[in-house]
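Because the structure is predicted, anything quoted here is derived from the model rather than measured.
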Amino acid sequence: MKRSGNIINLYLVRLFLRNLALIFISIAILSFIINLFDILNLSNSQNDVTFIQIIILTLLKIPEFMADIAVFLIMLCSMITLNSLNARSEITIMRSVGLSLWKILMPIIITNFILGIIFITSFLPLTIIANKKYNEIEDKITGNDQHNIFKPDNGIWLRQEN
């Protein structure tokens with residue numbers, strides 16, 4: 001039973017990660033298309049913007065959007081995975097073999113926890129770097145330096161002396 005439990009756990013994790021990859025890729029493509037039209041509107045006012053710069057700006061905007069909706073996407077992926085298991089009566093079969101519902105859900109819960117740690121340690125710093133690069137390129141194209149307005153010269157401002 002231990003061997004079959006590991007096989008079932010690997011099957012559930014693989015199914016969950018496949019669904020997550022499909023959802024993330026499809027939402028990233030949708031975000032790319034929407035941001036492309038938004039940045040094309042920005043470039044209409046600037047004459048010297050190349051198509052390569054527009055594509056780079058669009059690609060740099062995707063991680064910020066994906067970071068904003070990542071929790072929702074993981075919840076949606078969990079629901080889709082469990083719904084597909086239920087539609088094919090796999091949850092019923094797993095329960096009839098003797099697995100409790102918690103043993104069925106545990107691989108997905110652990111995978112979500114590990115993905116959360118990876119998201120916080122890897123993806124969020126990447127998002128910050130991409131956002132800074134996007135702001136630099138946008139400021140260079142538009143000619144204004146509006147993103148560095150609140151940047152103090154000598155450190156973080158916490159309290160003003162009277």
(request) In sequence, state the C-alpha distance, the side-chain angles, and the governing distance for L20 and T81, and then conclude on side-chain contact (heavy atoms from CB on, under 4.5 Å). (result) CA-CA 9 Å; L20 186 66; T81 301; over 6 Å; no
(message) Donor-acceptor check, side chain of S89 to backbone of T92, threshold 3.5 angstrom: yes or no?
(response) no
(request) Group every Ile, Leu, Val, Met, Phe, Trp and Tyr by side-chain heavy-atom contacts under 4.5 Å, then state whether I80 and V71 land in the same group. (result) no
(request) Evaluate the side-chain proximity of N131 to L60: yes if any heavy-atom separation is below 4.5 Å, no if none is. (result) no
(message) Nearest 0.5 angstrom please: I39 CD1 to I56 CD1, how far?
(response) 11.0 Å
(request) Flag yes if F32 and I52 sit in one hydrophobic cluster, no otherwise; membership is Ile, Leu, Val, Met, Phe, Trp, Tyr, and two members link when side-chain heavy atoms are under 4.5 Å apart. (result) yes
(message) Within this structure, what is the CD1-CD1 distance for the pair I69 and I74, rounded to the nearest 0.5 Å?
(response) 10.5 Å
(request) Working to the nearest 0.5 Å, report the span between CD1 of I120 and CD1 of I118. (result) 11.0 Å
(message) Using modelled atom types and a 3.5 Å cut-off, is there a donor and acceptor pairing between side-chain atoms of S122 and backbone atoms of F119?
(response) no
(message) Using 0.5 Å steps for rounding, measure from the CG atom of L40 to the CZ atom of F51.
(response) 7.0 Å
(message) Do L12 and F16 have side chains that approach each other closer than 4.5 Å (heavy atoms only, starting at C-beta)?
(response) no
(message) So I27 and F65, do their side chains get closer than 4.5 Å, heavy atoms only?
(response) yes
(request) Could you give me the CA-CA distance, side-chain angles and deciding distance for F37 and N41, then say whether side-chain contact (heavy atoms from CB on, under 4.5 Å) is met? (result) CA-CA 6 Å; F37 288 118; N41 286 336; 5.6 Å; no
(request) Return yes if some donor-acceptor pair links the side-chain N/O of E64 with the main-chain N/O of K61 below 3.5 Å, else return no. (result) no
(request) Compare every heavy atom of P107 with every heavy atom of N9, then report the nearest pair and how far apart it is. (result) OD1-CG, 3.1 Å
(message) Are N35 and L57 packed together at the side-chain level, in the sense that at least one heavy-atom pair is separated by less than 4.5 angstrom?
(response) no
(request) Check the hydrophobic clustering (I, L, V, M, F, W, Y; side-chain heavy atoms under 4.5 Å; chains of links allowed) and say if I117 and I108 are grouped together. (result) no
(message) Measuring from atom CG of N19 to atom CG of L76, what distance do you get when rounded to the nearest 0.5 angstrom?
(response) 9.5 Å
(request) Working to the nearest 0.5 Å, report the span between OG of S78 and CG of N112. (result) 4.5 Å
(request) Answer whether the closest heavy-atom distance between the side chains of T127 and F123 falls below 4.5 Å. (result) yes
(message) Please say yes or no: joined through hydrophobic side-chain contacts below 4.5 Å, possibly via intermediate residues, are L85 and L22 part of one cluster?
(response) no
(message) When you group the ILVMFWY residues by side-chain heavy-atom contacts below 4.5 Å and let the links chain together, are L73 and M79 in the same group?
(response) yes
